[in-house]
Amino acid sequence: MSARPQFTLAFNLQATNEQRREMFALYEKAFGAKKLSEGTPPGGSDIHIMMELCGTEILLGPGGASGKGMQNPIICEVRFTEAQEFYQAYDLLKQEGREASLEGPYPWAHRLALITDKFGVGWALYLNP
C-alpha cells in the first residue's frame, strides 16, 4: 500500500519578490501561517515561499510559468511518492486537457507535470519516489 498523495495549493500571482514576502507576512499575522521554506529555482531569481496555513501547504510563487498553461492564479498541487499513481493522474488529467508538459528532474521533484485540464484548472504534479 502506497502513501497517500499530498495535496497543496499554489498562489501564482504576478507579484514581485518583495510582494510575495509581504503576502507571507500578512498571512502570518492574520492566520498564524508558518514559513516552511524560501528559495529560488536553479538559474532563477523569483522567490518561492512554501508556507503552512491552517494545515495546508501553500506555495507563494511567481505567476505565468513560461507559457506552460500555468497562468492560473491558483494552482492545485499534488505530491506523489509512487510513480504509477503519478503517471496515472497525469495521463487522466491531460486527456482532453488544454496543455500538459512533463519536466524534471529538479532539486524539488524527480518529475514535474504541469497540466491545465479540460475545465481550465491548473495542476502541478510532483513525483519524489
Side-chain angles (χ1 to χ4, degrees):
M1 172 121 180
S2 65
R4 296 183 74 184
Q6 180 186 6
F7 178 80
T8 62
L9 291 172
F11 296 170
N12 289 324
L13 306 169
Q14 297 288 337
T16 65
N17 287 340
E18 181 179 322
Q19 289 170 324
R20 281 190 287 281
R21 286 185 173 125
E22 289 176 17
M23 288 171 63
F24 171 74
L26 174 63
Y27 302 149
E28 182 180 36
K29 288 178 186 172
F31 306 112
K34 295 186 180 8
K35 187 181 288 186
L36 302 175
S37 66
E38 178 178 318
T40 59
S45 61
D46 287 318
I47 291 173
H48 293 61
I49 298 172
M50 181 62 82
M51 67 179 182
E52 184 273 324
L53 177 71
C54 301
T56 299
E57 288 186 10
I58 300 173
L59 172 68
L60 302 177
S66 311
K68 296 187 176 151
M70 304 309 279
Q71 301 293 329
N72 312 43
I74 298 178
I75 305 295
C76 299
E77 299 184 338
V78 182
R79 299 174 192 289
F80 293 89
T81 58
E82 299 294 326
Q84 180 181 357
E85 292 173 347
F86 170 86
Y87 287 107
Q88 178 180 350
Y90 173 72
D91 289 340
L92 289 169
L93 289 171
K94 76 175 185 175
Q95 288 179 10
E96 300 181 49
R98 297 180 184 175
E99 296 184 56
S101 67
L102 199 54
E103 305 174 3
Y106 293 114
W108 60 88
H110 177 72
R111 294 293 282 167
L112 169 62
L114 300 174
I115 307 156
T116 300
D117 70 20
K118 68 181 184 178
F119 304 107
V121 176
W123 294 91
L125 308 180
Y126 298 86
L127 175 60
N128 285 306

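Heavy atoms only: backbone and side chains are in, while hydrogens, waters and symmetry mates are out. Throughout, numbering of the chain's residues begins at 1 and tracks the sequence.
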Give me each pair satisfying salt bridge (Lys or Arg N to Asp or Glu O under 4.0 Å) with a member in residues 119-129, each pair once, sequence neighbours excluded. none
Does the pair Y27 and L60 meet the rule for a side-chain contact (heavy atoms from CB on, under 4.5 Å), with working shown? CA-CA 11 Å; Y27 302 149; L60 302 177; 4.2 Å; yes
Do I74 and F11 come close enough that some side-chain heavy atom pair is under 4.5 Å? yes
If you compare all heavy atoms of R98 against all heavy atoms of G120, which two are closest, and at what distance to 0.1 Å? NH1-CA, 3.4 Å
Would you say L125 and I115 make side-chain contact, with heavy atoms under 4.5 Å? yes
Under the salt bridge (Lys or Arg N to Asp or Glu O under 4.0 Å) definition, can you give me all pairs with a residue in residues 119-129, not counting sequence neighbours? none
Any residue meeting side chain to side chain contact (heavy atoms under 4.5 Å, CB included) with E22, in chain and number order, not counting sequence neighbours: E18
Just grab all the salt bridge (Lys or Arg N to Asp or Glu O under 4.0 Å) pairs involving residues 36-45, residues at least two apart or on different chains. R21-E38, K35-E38
So which heavy atom on N128 is nearest to which on A109, and how close? OD1-CA, 3.1 Å
Results of side chain to side chain contact (heavy atoms under 4.5 Å, CB included) for A25 - residues two or more places apart only: none
Looking only at heavy atoms, the pair that brings A33 and F24 closest together is O-CZ, 3.9 Å
What are the two closest non-hydrogen atoms of L112 and A124, and how far apart are they? CD1-CB, 4.3 Å
Contacts of K118 that satisfy salt bridge (Lys or Arg N to Asp or Glu O under 4.0 Å) - sequence neighbours left out: E96
Is there a path of hydrophobic side-chain contacts, each under 4.5 Å between heavy atoms of I, L, V, M, F, W or Y residues, that connects M23 with L59? no
Under 3.5 Å, which donor-acceptor pairs do the side chains of residues 40-58 form with other protein atoms, sequence neighbours left out?
unit_1, atom_1, unit_2, atom_2, d
H48, ND1, D46, O, 2.9
E52, OE2, C54, N, 3.4
E52, OE2, G55, N, 2.3
E57, OE2, Q6, NE2, 3.3

Could you tabulate the donor-acceptor pairs under 3.5 Å formed by side-chain atoms of residues 86-94, not counting sequence neighbours?
none

Just jot down the side-chain hydrogen bond (donor to acceptor under 3.5 Å, both in side chains) partners of Q19, sequence neighbours excluded, or say none. T16
So CZ of R111 and CG of L127: to nearest 0.5 Å the spacing works out to 8.5 Å
Pairwise side-chain contact, P62 with R20, heavy-atom cut-off 4.5 Å (strictly under): yes
Working to the nearest 0.5 Å, report the span between OH of Y126 and OG1 of T81. 16.0 Å
Please name all residues satisfying salt bridge (Lys or Arg N to Asp or Glu O under 4.0 Å) with R79, sequence neighbours left out, ordered by chain then number. E77
Spatial distance of atom CD1 (I75) from atom CH2 (W123) [nearest 0.5 Å]: 10.0 Å
